[in-house]
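Okay, so here's the structure we're looking at.
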Amino acid sequence: ARGAGGNRYCFDTPAMNAAMLQRQALEHALRGALERGEFVLHYQPRVSLHDGAIVGMEALLRWQHPELGLVPPMEFIPLAEETGLIVPIGEWVLRAACRQIRGWLDDGIAVPPVAINLSARQFHSGHLDRMIAEALAAEGLDASRLELEITESTAMVDVDDAVATMQKLKALGVSLALDDFGTGYSSLACLKRFPLDYLKIDRAFVSDVTTDPGDAAICIATIQLAHSLRLKVIAEGVEDEFQMEYLRRRGCDELQGYYFSRPVAGEAIAAMLRGGVRM
Ligand code: C2E
Ligand code: CA
Ligand code: CA
Ligand code: CA
């Protein structure tokens with residue numbers, strides 16, 4: 001195979017060659033998608049268990065591919081992360097979310113804070129706080145409009161750097177959530193050092209919370225742990241009223257999941273917020 005610069009590459013096997021070409025094709029397509037503006041954000045509301053109000057929403061990235069349709073993030077984020085393309089894509093997500101918040105505010109809609117997901121590369125880039133401050137300033141937004149979700153594994157890449165970065169972000173005034181909690185390996189000692197606002201229980205434990213005693217034990221322990229650290233707890237992936245009731249009884253603070261709403265386009269969210277929906 002020939003690279004763009006006419007470099008000659010050698011491959012061990014034909015299978016590896018094909019895999020490489022596929023990856024290169026996807027990488028190329030992702031660059032094009034960014035240039036052509038094919039990415040979109042969908043938003044999923046988050047509901048308070050105390051009063052049923054929409055208290056936040058999570059921005060979730062999709063690729064509106066001209067032929068393939070709406071491509072879910074797990075089909076392209078891992079490669080984007082590996083190649084570093086996640087950095088410009090992540091910046092697009094941040095800018096797009098801020099632009100959307102500004103648009104809703106200009107339309108007179110009472111918007112709760114919007115959470116965006118950060119990749120490990122973005123989080124450990126060393127200038128994330130500056131990038132976020134600029135994006136907020138560009139739309140004239142207060143930092144309290146934005147929440148950042150960092151996965152447990154991202155934070156654990158380099159704990160000292162994570163603590164320092166989180167402190168800078170908190171100083172800006174944004175809220176921080178530890179995402180996918182329970183799937184990684186953060187020790188209690190690390191957790192105590194992170195200046196967080198929320199723990200998000202991973203969907204893996206929520207799905208079977210009413211049927212699997214092990215998963216129920218993890219959810220209960222996470223809620224108690226979070227509360228003892230003065231953090232709020234969000235359960236993600238709530239799909240039925242039994243899960244909702246169970247988590248309510250156990251003191252969970254906020255819920256997100258298909259039971260309330262799938263992630264939907266900005267216009268659909270605006271309609272929900274306008275209607276002042278209580279779920
Ligand atoms: P995540 O941050 O854990 O996001 C939650 C995922 O669970 C979303 O999948 C959401 O659509 C899905 N979900 C929510 N409620 C339910 C439910 O009740 N049942 C089921 N089965 N699923 C539910 P999605 O949108 O496909 O995103 C997958 C992952 O891609 C996210 O997981 C996140 O890790 C990543 N991701 C999405 N957007 C971005 C982004 O802008 N930047 C980065 N770095 N990663 C992103
Ligand atoms: Ca998330
Ligand atoms: Ca998750
Ligand atoms: Ca995740």
Side-chain angles (χ1 to χ4, degrees), residues 30 33-34 38-47 56-64 69-100 113-125 128 131-132 135 146-155 157 175-184 196-210 215 218-219 222 233-244 247 254-266 268-269 279:
L30 281 176
L34 198 54
E38 291 173 0
F39 289 115
V40 288
L41 291 180
H42 279 188
Y43 298 86
Q44 187 178 38
R46 190 172 90 221
V47 172
M57 42 201 169
E58 179 174 6
L60 293 155
L61 182 62
R62 277 95 182 84
W63 176 9
Q64 183 67 66
L70 218 51
V71 183
M74 288 330 281
E75 289 184 24
F76 60 88
I77 283 186
L79 183 74
E81 173 82 23
E82 222 179 289
T83 56
L85 265 177
I86 195 68
V87 174
I89 293 175
E91 181 154 13
W92 180 87
V93 168
L94 172 65
R95 295 274 172 172
C98 288
R99 215 179 307 125
Q100 177 67 86
V114 173
I116 62 171
N117 291 284
L118 296 176
S119 76
R121 278 205 200 229
Q122 267 181 301
F123 182 71
H124 292 287
S125 71
L128 179 65
M131 200 172 102
I132 288 176
L146 204 60
E147 297 177 342
L148 304 174
E149 299 195 357
I150 301 138
T151 66
E152 198 183 1
S153 51
T154 290
V157 168
S175 300
L176 303 179
L178 199 62
D179 204 356
D180 294 358
F181 187 75
T183 60
L196 296 166
D197 300 282
Y198 296 98
L199 278 193
K200 255 186 128 163
I201 307 177
D202 195 67
R203 171 156 56 89
F205 307 111
V206 174
S207 306
D208 298 320
V209 72
T210 54
D215 288 350
I218 290 172
C219 288
T222 303
V233 194
I234 304 166
E236 66 175 23
V238 174
E239 293 187 350
D240 61 46
E241 60 180 307
F242 306 106
Q243 293 165 352
M244 175 181 74
L247 291 159
E254 300 177 8
L255 303 180
Q256 196 181 326
Y258 293 174
Y259 179 64
F260 304 98
S261 170
R262 290 189 173 246
V264 291
I269 281 286
M279 308 219 189

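Order of appearance sets the numbers: ligands from 1, and atoms from 1 within every ligand. Computation of the quantities below employed the complete heavy-atom set of this structure, encompassing side-chain atoms and omitting hydrogens, waters and symmetry-equivalent molecules.
- Considering only residues two or more places apart in sequence or on other chains, D197 meets the salt bridge (Lys or Arg N to Asp or Glu O under 4.0 Å) condition with K170.
- Here D180 fails the criterion, with no N, O or S atom under 3.0 Å of the Ca ion (ligand 2).
- Less than 4.0 angstrom separates some heavy atom of E58 from each of these atoms of ligand 1: 2 (O), 4 (O).
- Ligand 1 places these atoms under 4.0 Å from at least one heavy atom of V93: 41 (O).
- In the vicinity of D179, heavy-atom distances shorter than 4.0 Å reach the ligand 1 atoms 2 (O).
- For residue N117, an N/O/S atom approaches the Ca ion (ligand 2) to within less than 3.0 Å.
- When each of M57, R262, E58, R62 is checked for a side-chain contact (heavy atoms from CB on, under 4.5 Å) with H42, only R62 meets the rule.
- Listed here is the closest heavy atom pair of A96 and Y43: O-OH, 4.2 Å.
- For E149, the salt bridge (Lys or Arg N to Asp or Glu O under 4.0 Å) test picks out K200, with sequence neighbours left out.
- In this structure, CG in D180 is found 9.0 Å from OG1 in T154, a value given to the nearest 0.5 Å.
- Using 4.0 Å as the threshold, R62 has a heavy atom nearer than that to some atom of ligand 1.
- Closest N/O/S atom of E58 to the Ca ion (ligand 2): OE2.
- Between D202 and ligand 1, not a single N/O pair is under 3.5 Å apart.
- Remark: the T210 side chain and the Q243 side chain contain no N/O donor-acceptor pair separated by less than 3.5 Å.
- Shown here for A204 and D215, the closest heavy-atom pair between the two residues is O-OD2, 3.7 Å.
- Residue E236 approaches the Ca ion (ligand 3) most closely through its N/O/S atom OE2.
- Sorting the N, O or S atoms of D202 by how far they are from the Ca ion (ligand 3) puts OD1 first.
- Where the criterion is an N or O separation shorter than 3.5 Å, residue side chain and backbone included, Q256 fails it with respect to ligand 1.
- Contact annotation: the side chain of E152 approaches that of T183 to within less than 4.5 Å [non-hydrogen atoms, C-beta and beyond].
- Residue contacts with ligand 1 leave out I116, since none of its heavy atoms falls under 4.0 Å from the ligand.
- The contact set between ligand 1 and G257, taken as ligand atoms under 4.0 Å from a residue heavy atom, comprises 15 (N), 18 (O).
- Taking every heavy atom of E236 and a limit of under 4.0 angstrom, the matching atoms of ligand 1 come to 3 (O).
- A side-chain donor from one of Q44 and Q256 sits under 3.5 Å from a side-chain acceptor of the other.
- Between L41, L60, L255, it is L60 that holds the heavy atom closest to atom 8 (C) of ligand 1.
- Atom CD1 of residue I234 and atom CG of residue L247 lie 12.5 Å apart, to the nearest 0.5 angstrom.
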- Stepwise ring-ring contact (aromatic ring centres under 6.0 Å, His included) test for Y198 and F181: CA-CA 10 Å; Y198 296 98; F181 187 75; over 10 Å; no

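- Taking every non-hydrogen atom of D180 and a distance limit under 4.0 Å, the qualifying atoms of ligand 1 come out as 3 (O).
- Remark: of the listed residues V40, I77, V71, N117, I77 is the sole one forming a side-chain contact (heavy atoms from CB on, under 4.5 Å) with L61.
- At least one N or O atom of E239 sits closer than 3.5 Å to an N or O atom of ligand 1.
- Residues R95 and Q100 are not in side-chain contact: their nearest non-hydrogen atoms beyond the backbone lie 4.5 Å or more apart.
- An N or O contact shorter than 3.5 Å is missing between P263 and ligand 1 by distance.
- Neither the backbone nor the side chain of E81 comes within contact range of ligand 1; no heavy atom lies under 4.0 Å.
- In the vicinity of S119, heavy-atom distances shorter than 4.0 Å reach the ligand 1 atoms 44 (N).
- Here S125 contributes atom OG and I86 contributes atom CD1; the two are 12.5 Å apart, rounded to the nearest 0.5 Å.
- Residue E149 has no N or O atom closer than 3.5 Å to an N or O atom of ligand 1.
- The closest approach between a heavy atom of G237 and any atom of ligand 1 is below 4.0 Å.
- At a 3.5 angstrom cut-off on N or O pairs, Y259 does not count as close to ligand 1.
- With salt bridges taken as basic N to acidic carboxylate O contacts below 4.0 Å, none links R203 and E236.
- When all heavy atoms are compared, the tightest approach of A97 to L41 is N-CD1, 3.7 Å.
- Taking 3.0 Å as the criterion, D179 counts as a coordinating residue of the Ca ion (ligand 2), since one of its N, O or S atoms falls below it.
- Remark: ligand 1 atoms within the under-4.0 Å shell around heavy atoms of Q44 are 14 (C), 15 (N).
- Contacts with ligand 1 closer than 4.0 Å are made by side-chain heavy atoms of I77 only, the backbone lying farther away.
- Nearest to the Ca ion (ligand 2), among the N, O or S atoms that E149 has, is OE1.
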